[in-house]
Protein chains: 2
Amino acid sequence: MGATKTDLFTKEQNEIAAMAKALAHPARIAILQYLVKKNACVCGDLVDELGLAQATTSQHLKELKTAGIIQGSIEGVSVCYCINPKVWKQYKELFNTFFKDVDLQQTCC
Amino acid sequence: MGATKTDLFTKEQNEIAAMAKALAHPARIAILQYLVKKNACVCGDLVDELGLAQATTSQHLKELKTAGIIQGSIEGVSVCYCINPKVWKQYKELFNTFFKDVDLQQTCC
DNA sequence: TTAACCTATCGCAATATTACGATGTATTTT
DNA sequence: AAAATACATCGTAATATTGCGATAGGTTAA
């Protein structure tokens, strides 16, 4: 046991959960917020920005890259990261759809 | 090691990450979608709906309840769950703010 | 070429999550 | 009161995540 039983759920449910998982760590939220704030490629200063060890930072960056929400490209001696606008939009839309309005007047039992 | 270093991040970053964590499992997405679809209190049929063991289902429900996004109330011999509209709205707004538009024209390095 | 620099990956330890059977608890039915 | 019902909690095993030191890999500067 211990592994998520993905086969029990729909593709969409697994997809939303996977997106949420990519966001489920404050370091990754911090990275994304930083990239959005800069609205440009950020080369190198992410390790200083976060306060985590270089190896740990790299691992979080890898997860975000695997999720597709950021992209990195080698620029000389360092690597530059930026938001992948297309995937960002997908996240935005999927969460928007998920959080569509529920009847706020509903009375619970 | 192994524990998230929450002290390195802002309250908001930890909050968003915690919300995302609550959504980071397909079973919990399935539960929420089901409650939204019914738009009412759901008593009992969640275990059958999910296909997971009763103990596992109960555990996921507890996580959602701890996160505040659902509420449960005892109704006779069973427990009824429904979306907490207020918290749902908070989630919606927080994610909306987080996913505010980025300049889709940005050119990456 | 060598040294310096930056990032990725490996290996490991600590902690967290997922899953389920067994059992506990509370309410209703008989 | 006893049995039935429904959910929660406990205990445990399997797996995943988090974090970091050490090291490997690739690029630039000397």
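All chains are named by letter (A, B, ...) in the order of the sequence lines, taking the proteins before the strands, and each is independently numbered beginning at 1.
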(message) For a quick test of reading the model: is some side-chain N or O of A/Tyr81 closer than 4.0 Å to OP1 or OP2 of C/dC6?
(response)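 So the side chain of A/Tyr81 is outside the cut-off, no N or O lying under 4.0 Å from OP1 or OP2 of C/dC6.
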(message) Is A/Ser78 close enough to C/dC6 that one of its side-chain N or O atoms is under 4.0 Å from OP1 or OP2 there?
(response)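 A/Ser78 to C/dC6 OP1/OP2: no side-chain N or O under 4.0 Å.
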Whole-Å distance separating the [atom1] atom of [X] from the [atom2] atom of [N]:
X	N	atom1	atom2	answer
A/Glu49	C/dC6	CD	P	16 Å
A/Ile29	D/dT18	CD1	P	12 Å
A/Leu64	D/dT17	CG	C1'	14 Å
A/Leu61	D/dT18	CG	P	13 Å

(message) So if I define the base as every atom that isn't primed, P, OP1 or OP2, how would nucleotides 17-30 of chain C read as a B/S/- string at a heavy-atom cutoff under 4.0 Å?
(response) SBBBB-----BS--
(message) Once salt bridge (Lys or Arg N to Asp or Glu O under 4.0 Å) is applied, do any residues pair with B/Glu93, and if so which ones, sequence neighbours excluded?
(response)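 Testing B/Glu93 for salt bridge (Lys or Arg N to Asp or Glu O under 4.0 Å), a comparison that skips the adjacent residues, returns B/Lys89.
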(message) Applying salt bridge (Lys or Arg N to Asp or Glu O under 4.0 Å), can you list everything that pairs with B/Lys92, at least two apart in sequence or on another chain?
(response)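 A/Asp101.
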(message) The criterion is ring-ring contact (aromatic ring centres under 6.0 Å, His included); which residues satisfy it with A/Phe9, sequence neighbours excluded?
(response)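 Listed in chain order: nothing, the list is empty.
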Going by atom type alone, with no hydrogens or angles, which donor-acceptor pairs under 3.5 Å involve a side-chain atom of residues 48-59 of chain A and a protein atom two or more places apart or on another chain?
{"from": "A/Thr57", "atom 1": "OG1", "to": "A/Ala53", "atom 2": "O", "distance (Å)": "2.9"}

(request) Assign the ring pair B/Phe99 / B/Phe95 to parallel, tilted or perpendicular, where the plane angle (0 to 90°) is split at 30° and 60°. (result)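 Judged by the thresholds at 30° and 60°, the geometry between B/Phe99 and B/Phe95 is parallel.
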(request) Sequence neighbours left out, what pairs pass salt bridge (charged side-chain N to carboxylate O under 4.0 Å, His left out) with at least one residue falling in residues 59-74 of chain A? (result)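 Listed once each, the pairs are A/Arg28-A/Glu63.
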